[in-house]
Every structure is written in structure tokens, then in C-alpha cells.
Amino acid sequence: MGKIGRNEKCPCRSGKKYKHCCARKDQIIKPSVSPEQKLKVTLMKSVREIQEQAVQKKETNHELGVFFFYSTREGDAWLLEMTDCDCIQVARDGVALEPPIDENSETIEVNWSHMFAFKSKQLELTAYLDKSVQLLPDAPSLQISAAIRRIRKKFSKDQLSQVHLPTP
């Protein structure tokens, strides 16, 4: 079927010109999504994507704003938040874990399980629950370090301080 001219009769047989009938339906504007809403949608999408990579035991990593995602060949996957060095495991041994993330129209709330730091160029995790410490030798430490530097260059201190809301 060829292209319909605006002034031609509408193919729906309403008798109206196309521009006054079905062309308007085609031009319905979708509500615009704010950058914050895009980030919220994309955060969970990225969590699911990194979980899929972990289930397939593929080694990969990527950044999203102040977040860093990575998966290993062993099937583990982690989400790291770069401003406060918090993290959660989202897959273990090729099995996706339910992420402790609560999203609503205003905020994203993550129940972080660990904080991270670097020790001898390896990622070191400290659990919030029992303060146990573990090294992750298969973590992409160089890429994580580089991501932290990029984020600190990309965002001002004021912007980074606004990432977290004060807890009541």
C-alpha cells in the first residue's frame, strides 16, 4: 500500500480527510519521561541484563550514571554504587537473586548489603550485617577504579551529594 496524502480520503472510510481522521491518531504524543524516571526504569533493566549475563556465565561490565554492573564467568553479578561505595550481589553461581530494590515515582531505595574498597588492587567487600570481609579476585578492579574516576570528573561534588536522601 502506498503512502496516504494528508488531503486524501481516510482509508478507514469515515469520509473525512486523512489529516482530520486517522492521521491524528498516529500523532498522539506519548507523555514525556523525566531523566529521573528514565534512570529508574533503566536501573532495573540494567539489573536484569547483568543477571542474564551472569546466568549465561558471561563476563561483562557497564556503567549507568553512578552505578557499575558486572558479571563473572562463575555466574556472579554485582551492582555497585560509586558515590558511597555500596554494593549488592544480584546473581550467584549462575542464579539470579531478587534484588533488594524498591522503586516508586519519587525515589529508588536500595538495601545495600556490602560496602566496597580496594585492597592490593582487588575488590574487598565488607558486609553490613556481620562486618565480615571478603576479597573478590575475579572482580574487574581496574574498570571499577576507572569508573570511579570518570564519575568524579563527570559530576560535581554538589551533584554527587544529592544522590542520597537523608534517612529519617
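For reference, positions follow the sequence shown, starting with 1. Side chains included, hydrogens not; waters and symmetry mates left out as well; all remaining heavy atoms used.
Legend: residues meeting side chain to side chain contact (heavy atoms under 4.5 Å, CB included) with K16, ordered by chain and number and at least two apart, are S14, C21. Residues passing the side chain to side chain contact (heavy atoms under 4.5 Å, CB included) test with V95: none are found, sequence neighbours excluded. Under the rule for a side chain to side chain contact (heavy atoms under 4.5 Å, CB included), the partners of A77 that lie at least two apart in sequence or sit in another chain are I50, A54, S71, V90, A91. Legend: residues meeting side-chain hydrogen bond (donor to acceptor under 3.5 Å, both in side chains) with K58, ordered by chain and number and at least two apart, are Q56. Applying the side-chain hydrogen bond (donor to acceptor under 3.5 Å, both in side chains) criterion to Q122, with sequence neighbours excluded, gives no partner residue. The side chain to side chain contact (heavy atoms under 4.5 Å, CB included) check on K154 picks up nothing, with sequence neighbours excluded. E109 is linked by a side-chain hydrogen bond (donor to acceptor under 3.5 Å, both in side chains) to nothing, counting only residues two or more places apart in sequence or in another chain. Applying the salt bridge (charged side-chain N to carboxylate O under 4.0 Å, His left out) rule to E49 yields the partners K45; only residues at least two apart in sequence or on another chain are considered.
Counting only heavy atoms from C-beta outward, the side chains of I101 and M44 approach each other to under 4.5 Å. Residues L125 and V133 are not in side-chain contact: their nearest non-hydrogen atoms beyond the backbone lie 4.5 Å or more apart. With contacts defined as side-chain heavy-atom distances shorter than 4.5 Å, the pair D76/D93 qualifies. Residues N7 and K19 are in side-chain contact: their nearest non-hydrogen atoms beyond the backbone lie under 4.5 Å apart.
Ring geometry for F67 against F69 counts as tilted: the plane angle lies between 30° and 60°, on a 0 to 90° scale.
Counting only residues at least two apart or on different chains, no salt bridge (charged side-chain N to carboxylate O under 4.0 Å, His left out) pair has a member in residues 113-123. A side-chain hydrogen bond (donor to acceptor under 3.5 Å, both in side chains) check over residues 127-145, counting only residues at least two apart or in different chains, returns the pairs D86-Y128, D130-S132.
Note: C85 SG to F118 CZ = 7.5 Å, rounded to the nearest 0.5 Å. Distance check: L80 CG to I88 CD1 gives 9.5 Å after rounding to the nearest 0.5 Å. Atom-to-atom distance recorded for M82:CE and R149:CZ is 10.0 Å, nearest 0.5 angstrom. Atom-to-atom distance recorded for L123:CG and Y70:OH is 5.0 Å, nearest 0.5 angstrom.
If you chain together hydrophobic residues whose side chains sit under 4.5 Å apart, L135 and W78 never meet in one group. I151 and F116 fall within the same hydrophobic cluster, defined by Ile, Leu, Val, Met, Phe, Trp and Tyr side-chain heavy atoms under 4.5 Å apart, directly or through other members. Under a hydrophobic clustering in which Ile, Leu, Val, Met, Phe, Trp and Tyr are joined whenever their side-chain heavy atoms come within less than 4.5 Å, directly or via other members, I148 and V110 fall into the same cluster.
By the neighbour-count criterion of 12 heavy atoms within 6.0 Å, atom CZ of R48 is densely surrounded, having more than that number from other residues, nucleotides or ligands.
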Donor-acceptor list for residues 59-66 side chains, cut-off 3.5 Å, not counting sequence neighbours:
residue: E59; atom: OE1; partner: R73; partner atom: NE; Å: 3.3
residue: E63; atom: OE2; partner: R150; partner atom: NE; Å: 3.1
residue: E63; atom: OE2; partner: R150; partner atom: NH2; Å: 2.2

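With 3.5 Å as the limit, one finds a donor-acceptor pair spanning the side chains of E81 and T83.
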